[in-house]
Trainee: 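Could you have a look at this structure, given as structure tokens, before my questions?
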Amino acid sequence: MEKHYYSLNDWAKEHYGYKLYKLALDGQMTCPNRDGSLGDKGCIFCSANGSGDFTNANLSITNQLQLAKDKIKNKANTNHFLLHTFNHLLIPMHPIDYLQKIFTEAINDPEVDILSIATRPDCIDNDILELLIQLNKYKPVWIELGLQTIHEDTAKYIRRGYDLSIYDDAISRLKKANISVITHMIVGLPGESRKQILETARYIGRTNTFGIKIQLLHILEGTDLLVDYEKGKFNAMQMDEYIDILIEILQVLPPTMVIHRITGDGPKSILKAPLWSGNKKKVLNTIRKRMDEVNLKQGSAIN
Ligand code: SF4
């Protein structure tokens with residue numbers, strides 16, 4: 001089958017010889033954009049559980065790991081649990097000892113090959129960076145940064161809570177520390193044009209970092225984004241529209257950048273729009289078909 005983009009599965013097969021199975025865990029941490037340190041409302045699109053809507057936050061890391069692994073082992077004949085994702089954020093207010101304890105607990109599992117931590121660029125202080133460097137000596141540590149957009153007007157609207165320069169600084173320090181970075185971008189943010197979306201993609205591409213997660217904007221129950229959507233302030237993306245821009249995004253990313261996600265899984269129970277995104281199988285099949293039709297090549301439109 002024609003390879004249209006450099007997926008995480010491709011990368012894993014090249015580097016490990018097998019597929020990475022993702023485990024979503026929760027370190028029971030708060031977010032500075034919710035706990036009052038930066039803001040108390042959170043990003044406009046984020047549900048109260050942050051990105052941890054799928055996890056068992058009240059269990060220990062070891063128990064969460066076991067449950068998550070058992071679930072996968074029921075479906076896949078594997079002993080390789082390779083990607084370990086903390087779905088909540090580390091923040092400087094958490095004592096470094098606590099962070100060290102939970103990350104070490106996760107990384108010590110012999111079936112976990114990689115520790116991937118989702119966070120914000122403004123949370124990477126020197127103590128945390130030093131901890132990441134130490135953990136990275138034992139097993140690979142990846143850092144996922146929720147940039148979403150490079151456009152400051154949109155960043156203000158979504159209440160991201162930090163400037164682009166903070167992202168640039170975090171990228172530079174993480175690169176120096178030899179930590180792989182995956183940047184999250186959201187497609188379909190209110191008011192953003194196709195040109196602006198592609199500017200964000202090109203910017204992320206130019207960081208020359210490890211990977212990117214491309215996420216369709218989901219409008220979730222209980223968010224202020226839903227309030228604006230119901231007032232008619234913006235439209236949710238249509239599937240064709242999303243696929244067209246996704247293809248353009250992949251064309252402007254370096255062929256070496258690993259694509260960790262091309263749509264995103266919104267928690268279906270609270271997904272309000274776009275509802276078509278709830279049918280992941282259909283969405284992925286339509287994306288694949290369209291990629292074949294246009295004979296997509298990642299990086300073919302870099303200039
Ligand atoms: S999206 Fe991330 S940074 Fe924003 S409020 Fe939610 S958990 Fe915090």
Side-chain angles (χ1 to χ4, degrees), residues 22 24-58 64 85-94 98-99 102-103 116-125 128 142-171 174 181-190 192 200 204 211-229 234 236 260-261 263-267 269-273 277:
K22 296 181 191 176
L25 302 183
D26 193 322
Q28 297 193 37
M29 289 176 246
T30 59
C31 168
N33 212 9
R34 276 196 186 281
D35 68 6
S37 340
L38 284 173
D40 51 19
K41 290 171 153 180
C43 300
I44 198 164
F45 52 80
C46 181
S47 68
N49 278 338
S51 50
D53 287 306
F54 297 109
T55 61
N56 299 292
N58 50 342
Q64 285 187 53
T85 304
F86 276 80
N87 267 359
H88 262 222
L89 302 171
L90 57 95
I91 62 167
M93 281 73 83
H94 279 286
Y98 171 73
L99 297 176
I102 61 166
F103 295 151
S116 185
I117 302 166
T119 186
R120 299 165 50 94
D122 52 357
C123 290
I124 312 280
D125 67 12
I128 286 172
W142 296 350
I143 285 293
E144 301 190 28
L145 298 178
L147 175 68
Q148 325 305 4
T149 177
I150 60 164
H151 300 287
E152 296 299 345
D153 284 354
T154 318
K156 281 201 185 78
Y157 170 72
I158 65 172
R159 305 192 298 244
R160 188 181 65 191
Y162 66 82
D163 295 338
L164 188 56
S165 61
I166 305 280
Y167 167 77
D168 292 338
D169 180 56
I171 289 281
L174 288 162
V181 177
I182 298 144
T183 300
H184 295 202
M185 78 172 279
I186 295 182
V187 176
L189 288 166
E192 288 211 338
T200 294
I204 295 169
I212 184 169
K213 278 188 176 173
I214 305 162
Q215 163 87 46
L216 164 72
L217 180 70
H218 287 129
I219 302 158
L220 303 178
E221 196 175 280
T223 61
D224 288 341
L225 186 69
L226 177 62
V227 175
D228 281 0
Y229 175 69
F234 69 98
H260 290 245
R261 177 183 289 166
T263 55
D265 283 324
S269 58
I270 54 168
L271 177 67
K272 291 295 184 184
S277 67

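For the numbers below, each heavy atom of this structure counts, side chains included, while hydrogens, waters and symmetry mates do not. Since the structure is predicted, the reported quantities are computational estimates derived from the model, not experimental observations. Numbering of ligands and ligand atoms starts at 1, following listing order. The residues of the chain are indexed from 1 along the displayed sequence.
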Trainee: Centre of Y162's six-membered ring, under 6.0 Å away, within 45 degrees of the axis: is that where NZ or CZ of R160 sits?
Mentor: yes
Trainee: Does some side-chain heavy atom of E144 sit less than 4.5 Å from a side-chain heavy atom of K213?
Mentor: yes
Trainee: Side chains of T223 and Y229 only: does a donor on one sit below 3.5 Å from an acceptor on the other?
Mentor: no
Trainee: As an exercise, identify every atom of ligand 1 less than 4.0 angstrom from a heavy atom of G42.
Mentor: 5 (S)
Trainee: Do D125 side-chain atoms and I128 backbone N/O form a donor-acceptor pair below 3.5 Å?
Mentor: yes
Trainee: Give the contacting part of C31 toward ligand 1: side chain, backbone, both or neither, where contact means a heavy-atom distance below 4.0 Å.
Mentor: side chain
Trainee: Go through ligand 1 atom by atom and flag the ones less than 4.0 Å from a non-hydrogen atom of F45.
Mentor: 1 (S)
Trainee: Could you tell me whether R120 approaches ligand 1 through its side chain, its backbone, both or neither, with non-hydrogen atoms closer than 4.0 Å?
Mentor: side chain
